[in-house]
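What follows is a short report on a single structure.
FYI, the numbering just counts along the sequence from 1. Note that these values count all heavy atoms, side chains included, but never hydrogens, waters or copies made by symmetry. Computed from a predicted structure; not experimentally measured.
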Amino acid sequence: MKPLYRSAPGEYKPRAFAPLMLKLNPTILTTISVCAALGLVVSHSPGQPAAADKAKKDAPAAAAKPAAGGDKKPAAGKPADAKGKKEKKKKEKHKAKAKDLIHDMERCVAFIGKAMKTDRAKDKSLRSKKAKAFKDQLAATSKLIDQLKKQAEAKDKAMFATSRQVDQAVSATDVTFKFAGIKNKEVGSGVQKLKAAWEMYDKKFNRQALSGKDPKKAVAPLDAKKAAQLDEVKKKTDDLIAKLTALEAKLKKYKGLDAELNRIIAEAKTIKATKATYGAFITALDRLQDLEGAFKGLSRYVKVTYPSLVKEFEVFDVYWVDFEKTVNVYYDEYYVSYDFAYYETTEFEYTDTSIEVNISESEVSTYESYVETETSNESYEEVSESEATTEDSSYEADEADEDIDAGGDVDETDDEIAEDGEEMSDDGDDDGGGDDGGDDDGGDDDGGDDDGGDDGGDDGGDDGED
């Protein structure tokens with residue numbers, strides 16, 4: 001049916017038969033009058049706006065829209081290419097030598113120290129007794145990083161033993177932080193970035209350097225001597241698992257401690273599945289450092305917070321010394337022919353910013369000093385064992401170690417190892433994203449998500465409370 005009032009587009013008048021319809025239905029006239037007064041008179045056919053109405057609606061858009069062929073400017077902050085498409089922002093690449101990554105670790109420690117010192121007065125969690133183990137551990141870790149730096153500059157092979165201790169100490173720092181209950185976000189961020197910087201260093205200048213650039217070596221079967229060493233390591237690990245499991249049975253009511261200890265046990269079980277190849281063996285030895293450190297971080301925390309459990313953990317102080325006599329001797333054999341030229345010239349290339357912290361160079365030494373010397377003299381607010389138990393009950397073991405599966409395999413496939421190793425042999429570098437021929441751990445190479453601690457002495461280990 002045609003509209004009642006249209007005679008031409010944009011001109012609407014009653015048709016000839018309209019008066020008859022109005023006479024038959026007077027209400028139509030009243031309705032039209034009301035609608036006209038309200039500006040609601042239908043002035044166009046469905047889906048077709050009237051010319052005048054359309055002109056009004058189009059006017060603002062026409063004013064904003066450039067004329068055909070005119071320049072089209074991209075939105076602010078969104079550059080366009082020649083075809084007017086948004087230009088995809090490329091990830092900025094970074095390159096770092098061994099000395100640079102060590103300095104990044106120093107910066108991370110200083111960043112954490114600055115946050116702790118600045119916010120201590122207003123942040124109760126930084127004054128809690130639960131935070132003491134973390135601060136003590138961080139101080140020990142910082143000293144070890146300084147030691148590693150000096151030894152590396154002097155090309156002192158003692159740096160390799162120190163490197164193992166740093167591995168453990170960084171892991172212990174992570175574990176003590178998890179239980180410290182510190183709410184400061186900058187402290188938490190600093191810990192994560194410290195772990196990431198260490199993992200980059202450990203991967204490139206320990207695991208990769210020790211297994212060599214030749215992918216064939218990484219997947220080659222161990223010779224008889226090293227195969228026997230691997231068997232001995234597995235036996236030692238079996239004994240360790242048994243002792244940790246016995247301890248875990250005594251921690252059932254301490255949910256947080258129990259969860260972390262279970263995580264450590266699960267990681268230890270992966271060592272038993274290590275393949276008898278060079279890459280897998282060196283990675284297993286490296287992971288044992290993380291595992292030992294994780295336990296020592298937990299032990300340090302317990303000795304501060306849970307007096308009733310101190311004796312249960314103290315028995316391990318002697319045990320680790322014996323454990324290291326086997327594991328560390330085998331590990332250190334790889335360093336005999338270490339290539340210092342590789343150490344000094346090789347660059348680690350990465351595209352993320354996971355190790356960058358906002359602190360000026362002039363502040364680094366100031367806050368490193370604070371961490372190493374002042375935190376030990378600070379006072380803390382007491383926390384009862386029952387309070388700590390309640391707070392720690394919400395603790396959950398890391399979900400990040402997806403590759404740690406009790407009874408699972410420590411290794412990547414030989415093909416994956418060979419591919420990464422070939423990339424290294426081609427250009428002598430990697431992109432910071434994949435593992436190389438020696439990093440055959442099937443483990444967490446995601447920016448240092450390994451938890452652990454140190455190995456005693458002044459290296460940030462579990463050496464009792466100050």
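- With values rounded to the nearest 0.5 angstrom, I355 atom CD1 is found 14.5 Å from K195 atom NZ.
- Put simply, CD on E385 and OG1 on T390 are 11.0 Å apart, with the number rounded to the nearest 0.5 Å.
- Summarising the geometry, atom OG belonging to S365 is positioned 15.5 Å from atom OH belonging to Y370; distances are rounded to the nearest 0.5 Å.
- Residues satisfying the side-chain hydrogen bond (donor to acceptor under 3.5 Å, both in side chains) test with K193, not counting sequence neighbours, are none.
- From M159, atom CE reaches atom CD1 of I102 across 6.5 Å, with rounding to the nearest 0.5 Å.
- A donor atom on one side chain and an acceptor atom on the other are not found under 3.5 Å apart for S128 and E381.
- Applying the ring pair (Phe, Tyr, Trp, His ring centres under 6.0 Å) rule to pairs touching residues 248-273 yields Y254-Y306, sequence neighbours excluded.
- Taking the side chain to side chain contact (heavy atoms under 4.5 Å, CB included) definition, one finds that K129 meets it with K132, V304, Y380, E382, V383, sequence neighbours left out.
- Salt bridge K311/E314: absent, no basic N to carboxylate O contact under 4.0 Å.
- The ring pair (Phe, Tyr, Trp, His ring centres under 6.0 Å) contacts involving residues 101-144 comprise F134-F177, where partners must be two or more places apart or lie in separate chains.
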field: Audit row: K296, Q137, side-chain contact (heavy atoms from CB on, under 4.5 Å) steps and yes/no
entry: CA-CA 10 Å; K296 288 181 174 178; Q137 180 61 62; over 6 Å; no
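- Once rounded to the nearest 0.5 Å, the distance linking CD of E292 with CZ of F295 reads 10.0 Å.
- Sorted by first then second residue, the salt bridge (charged side-chain N to carboxylate O under 4.0 Å, His left out) pairs that include residues 365-374, not counting sequence neighbours, are K117-E374.
- Residues satisfying the salt bridge (charged side-chain N to carboxylate O under 4.0 Å, His left out) criterion with K250, sequence neighbours excluded, are E312.
- Between the side chains of S384 and E387, at least one donor-acceptor pair of N or O atoms lies under 3.5 Å.
- K150 is linked by a side chain to side chain contact (heavy atoms under 4.5 Å, CB included) to nothing, counting only residues two or more places apart in sequence or in another chain.
- Counted within 6.0 Å of CG on D322, heavy atoms from surrounding residues, nucleotides or ligands total more than 12; the atom is thus considered enclosed.
- To the nearest 0.5 Å, atom CZ of residue F313 and atom CZ of residue F316 are 8.0 Å apart.
- Side chains of E248 and N262 form a contact here, defined as non-hydrogen atoms less than 4.5 Å apart.
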field: Intermediate values then yes/no, salt bridge (charged side-chain N to carboxylate O under 4.0 Å, His left out), E378 and R127
entry: CA-CA 8 Å; E378 292 177 337; R127 305 190 305 272; over 6 Å; no
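- T326 is linked by a side chain to side chain contact (heavy atoms under 4.5 Å, CB included) to E232, K236, Y330, counting only residues two or more places apart in sequence or in another chain.
- Atom NZ of K255 sits in a sparse spot, with 12 or fewer heavy atoms from other residues, nucleotides or ligands closer than 6.0 Å.
- Residues meeting the side-chain hydrogen bond (donor to acceptor under 3.5 Å, both in side chains) test with S163, sequence neighbours left out: N206.
- A side-chain N or O of D286 and one of Y331 form a donor-acceptor pair less than 3.5 Å apart.
- Under the salt bridge (charged side-chain N to carboxylate O under 4.0 Å, His left out) criterion, D231 pairs with no residue at all, not counting sequence neighbours.
- Partners of K185 according to the side chain to side chain contact (heavy atoms under 4.5 Å, CB included) rule, which considers only residues two or more places apart in sequence or in another chain, do not exist here.
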- request: Take D238 and K235 through the test salt bridge (charged side-chain N to carboxylate O under 4.0 Å, His left out) and record every step on the way to the result.
  value: CA-CA 5 Å; D238 273 332; K235 290 178 182 177; over 6 Å; no
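- S125 meets the side-chain hydrogen bond (donor to acceptor under 3.5 Å, both in side chains) test with D123; sequence neighbours excluded.
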